[in-house]
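Below is one structure, written out as structure tokens; the observations come after it.
Numbers restart at 1 for each chain; the letters A, B, ... are given by sequence-line order, proteins then strands. Computed over heavy atoms, backbone and side chain alike; hydrogens, waters and symmetry mates excluded. Keep in mind that what you see is a predicted model, and the values were worked out from it rather than measured.
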There are 2 protein chains.
Amino acid sequence: MGSNDCIEMLRKANLKITPRRKAIIGFFLQNGRYFTPEEVWIALREDFKHLGLPTIYRNLRELEDIGILIRVFRSDQRLYYAICQLGKGKKHHHFVCKKCGRVSEVELCNFDDIAGDIESKLNCKIISHFMQIEGLCSKCMEEEMSERDEGQKVKE
Amino acid sequence: MGSNDCIEMLRKANLKITPRRKAIIGFFLQNGRYFTPEEVWIALREDFKHLGLPTIYRNLRELEDIGILIRVFRSDQRLYYAICQLGKGKKHHHFVCKKCGRVSEVELCNFDDIAGDIESKLNCKIISHFMQIEGLCSKCMEEEMSERDEGQKVKE
DNA sequence: CTATATGCAAAAACTTTGCATAAGC
DNA sequence: GCTTATGCAAAGTTTTTGCATATAG
């Protein structure tokens with residue numbers, strides 16, 4: 001999904017294609033990681049002489065509502081958003097890099113295989129589930145490797 | 001896990017067994033659902049002449065740290081806590097009733113079966129995953145049933 | 001007796017609202 | 001032209017901090 005698909009989604013949702021919206025979406029697409037509203041604001045203020053933080057908050061929420069952005073949950077309870085390439089149609093999850101914050105889509109999910117068992121055990125009805133997978137992305141894994149190598153070199 | 005196990009956990013964590021702590025844990029154990037700090041505060045103020053909201057916030061966080069409580073995530077980004085019967089030792093997830101907020105432990109998880117596939121696909125290293133399962137608990141399912149029955153009776 | 005816990009007051013952090021003006025369609 | 005979007009100021013809500021006092025161990 002690229003910029004054009006997002007614009008199409010805005011149209012469908014009857015949201016106007018404004019410069020700020022395009023910039024917000026572009027910012028997330030370019031960076032591929034999660035950000036707080038304030039971080040988005042600070043970054044985009046360089047491109048817009050006047051840019052209100054409330055505008056960012058409002059837009060992020062609207063973009064989340066229509067499935068362009070998703071929320072990332074962290075233990076501080078601040079708002080974190082990331083671009084969602086798959087939209088709301090396909091149920092999927094997200095992988096979040098603990099080091100750099102990169103967010104990737106994960107379509108693979110085998111939860112349905114055990115949902116019935118859980119329902120039997122708790123005598124409940126499962127409606128949905130939300131999963132956030134955490135670890136190191138490929139880039140940060142490489143970095144860890146070379147850092148470790150560096151460490152060994154020093155020891156030698 | 002009951003009150004006594006919690007007290008044991010407090011000891012291990014070098015937290016003192018204060019009346020407020022016991023009351024907070026007791027409150028969660030009795031009600032089995034999630035609450036905001038404010039809700040806990042309002043409920044416990046009936047038992048304590050003086051009880052500060054900061055005390056509640058501090059205790060809830062500490063109890064979460066040592067694994068007696070867990071956080072429940074909701075779309076409003078407020079703090080929600082529930083008792084965690086299994087503690088931090090065993091990896092597990094939680095089922096949250098969308099209607100009444102009841103929280104149940106779910107030990108069953110087959111995520112590890114696909115973790116490797118996800119790692120291959122994204123070329124990443126998975127460290128952890130967090131899942132929140134939502135639906136209707138047994139009690140709320142029954143209620144839905146009888147409400148539906150009532151509705152049908154009226155139609156007849 | 002010492003270290004931790006608590007109440008209270010106050011501040012801080014984060015997010016939302018209101019409204020007049022601007023801009024997309 | 002009508003409707004939605006935005007900036008700015010201001011308020012609202014939730015959570016945290018500081019510190020003196022109280023209390024558990």
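Checking the phosphate oxygens (OP1, OP2) of D:dT15, a side-chain nitrogen or oxygen of B:Tyr57 falls inside 4.0 Å. In this structure, A:Thr18 reaches the D:dT6 phosphate: one of its side-chain N or O atoms is under 4.0 Å from OP1 or OP2. One finds no side-chain N or O of B:Gln77 lying less than 4.0 angstrom from the OP1 or OP2 phosphate oxygen of D:dT14. Between C:dC25 and A:Asn14, no contact under 4.0 Å exists linking OP1 or OP2 to a side-chain N or O.
At the heavy-atom level, B:Arg61 lies under 4.0 Å from the strands shown only through sugar-phosphate atoms.
To the nearest 0.5 Å, atoms CG (A:Leu44) and CG (A:Leu53) are separated by 11.0 Å. How far SG of B:Cys140 is from CE of B:Met145: 12.0 Å, rounded to the nearest 0.5 Å.
Checked by distance alone, A:Lys16 brings no side-chain donor or acceptor within 3.5 Å of a matching partner on the base of C:dA23.
No hydrogens or angles considered: a donor-acceptor pair under 3.5 Å links the side chains of B:Arg74 and B:Tyr34. A donor-acceptor pair shorter than 3.5 Å can be found between the side chains of B:His93 and B:His129.
Nearest-nucleotide mapping onto DNA chain C: of A:Arg78 and A:Arg58, the residue sitting toward the 5' end is A:Arg78. In terms of position on DNA chain D, the residue among B:Leu79 and B:Pro19 whose nearest nucleotide sits closer to the 5' end is B:Leu79.
The side chain of B:Pro54 has D:dT17 as its nearest neighbour among D:dG25, D:dT17, C:dT6.
Computed from coordinates, the B:Leu53 CG to C:dT6 C1' distance equals 13 Å when rounded to whole Å. Between A:Ile24 atom CD1 and D:dT6 atom P the separation is 7 Å, expressed in whole Å. Between the CG atom of A:Asn59 and the C1' atom of D:dT6 there is a distance of 9 Å, rounded to whole Å.
Note on ring orientation: taking the six-membered ring where Trp is involved, the planes of A:Phe35 and A:Phe27 are tilted (angle from 30° to 60°).
Only at 4.0 angstrom or more do the heavy atoms of residues 35-50 of chain A sit from any atom of DNA chain C, so none qualifies.
More than 12 heavy atoms of other residues, nucleotides or ligands lie within 6.0 Å of NZ in B:Lys99, so this atom counts as buried by the packing criterion.
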